[in-house]
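Have a look at the structure below, then the notes.
Computation of the quantities below employed the complete heavy-atom set of this structure, encompassing side-chain atoms and omitting hydrogens, waters and symmetry-equivalent molecules. Treat the numbers as computed from the prediction; the structure is a model and nothing was measured.
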Amino acid sequence: MAFKGTKSRTQLQLETQIENIGGHLNAYTAREQTVYYAKSLSSDVGTSVEILADILQGSTLNEDAIERERDVILREAEEVDKQKDEVVFDHLHASAFQRSSLGFTILGPNENIKKITRKDLEDYISQNYTPDRMVLSAAGGVDHDALVKIAEQYFGSLAPSKTTRTPLPKPKFFGSDVRARFDNHPTAHIAIAVEGASWTSPDYWALLVAQSIVGSWDRSLGAAGHMSSKLARRLYEANIANSFMSFNTSYSDTGLFGIYAVSESKMHLDDLIHCFQQEWHRLAMNVSEAEVFRAKNQLKTSLLLALDGTTPVAEDIGRQMLAYGKRLSPWEVDALIEKVTAQDVMKVAGEYIYDQEVCLVGYGPVESLQDYNRVRSAMSPLYY
């Protein structure tokens, strides 16, 4: 709705002005942040910031536009439902963070989309688009002092929040499982996760290294059988998975650490979960310095490659300002990762993984997934 016209520009004028400066204007929403961004030549920074300020503070929220956009969002929801990984991760959040807003999907239920009103949007903007909750970040050919003056000019009139916001309680992690069984699907999609660490947790970087040790793998890769990940080699030899990806998703006060996998071995999903859990146990008991050294280098490389461009750099600055209140330079991130040792990895694996509550999601032909009680009991096996 922000791009459908403001008090000073119609939608056509807004689109024409952006095209005339060769710019790009877009927005997206994640579970904890909404991002509006503009790309332009360095000579048009002032125009870009002014347009962002206009759409954030002066959107008309026309009733007809709301009705048109309602249908667009419902179609987007249908497209999301076709992406099995998105569906699985939505189920994972809904099951792990029950009774919490973190468990809601980003688009929300269709019932809400169908009945949302102009007043709902106005109330949301007035409550959330306040100076204490906003960050203006920029990257590329931008002078910081000049950007500060532009920000004061166009955002200086933003009124502070009229009410004191009560901090939301930390979402409780629920050990649980969800199974959406469709035997006619060609592949099973599985996610298994434990509660992870927040952005600001001292264990965040050690868990990132642990994630890198578990790694990711795809059977279609040319070197599929020769990956550094021990779990990848084991799954390749057993031929019980098409691909897997270890993830460490962090939020302001909690997180999810787990593995997402796709498999066409419908009758061996119990073996697949067993392999995942054995790898987690190994993280808590037997990690070598050589593994950690390799994982740290892979992690640093992936983090740096993710900043390949002004847009991801600006987004990274914004996220870090919201999470840490400052920007961590690549050199600071490198130092934080380099501090992690094998003992640190085993320590966090023992605290966050071993004998902890686990959330399991299965989508597709998941008949052979073992009972949840077996999965939970296997989080603390007895080794002799």
Practice problem: Report yes or no: is the cationic atom of K296 (NZ for Lys, CZ for Arg) under 6.0 Å from the centre of the six-membered ring of F293, at an angle within 45° of the ring normal? | Solution: no
Practice problem: Walk me through it: do D123 and K119 pass the test salt bridge (charged side-chain N to carboxylate O under 4.0 Å, His left out)? | Solution: CA-CA 6 Å; D123 290 344; K119 186 177 187 309; 2.8 Å; yes
Quiz item: Any salt bridge between R376 and D355, counting N to O under 4.0 Å?
Solution: yes
Exercise. Examine Y354 together with W280 and report whether their ring centres are nearer than 6.0 Å.
Key: no
Quiz item: Under 3.5 Å, is there a donor-acceptor pair linking the side chains of T187 and H185?
Solution: no
Quiz prompt | Closest non-hydrogen atom pair between I150 and V45, with its separation | solution = CD1-CG1, 4.2 Å
Quiz item: Any salt bridge between K300 and E338, counting N to O under 4.0 Å?
Solution: yes
Quiz item: Can a salt bridge be assigned to the pair E367 and K266 using a cut-off of 4.0 Å between side-chain N and carboxylate O?
Solution: no
Self-check item: With V345, the side chain to side chain contact (heavy atoms under 4.5 Å, CB included) member among L208, V340, L207
Solution: V340
Practice problem: Look at R68 together with E63 and state whether they make a salt bridge at an N to O cut-off of under 4.0 Å. | Solution: no
Quiz item: Between E122 and R118, is there a salt bridge with N-O shorter than 4.0 Å?
Solution: yes
Exercise. Considering non-hydrogen atoms only, spot the tightest contact between R9 and L14 and give its length.
Key: CD-CD1, 3.9 Å
Quiz item: Are the charged groups of K149 and E152 less than 4.0 angstrom apart, N to O?
Solution: no
Quiz prompt | Y36 ring center within less than 6.0 Å of Y28 ring center | solution = no
Quiz item: Minimum heavy-atom separation for M321 to R327, with atom names?
Solution: SD-N, 3.9 Å
Quiz prompt | Lys/Arg N to Asp/Glu carboxylate O, R219 vs E264, below 4.0 Å | solution = yes
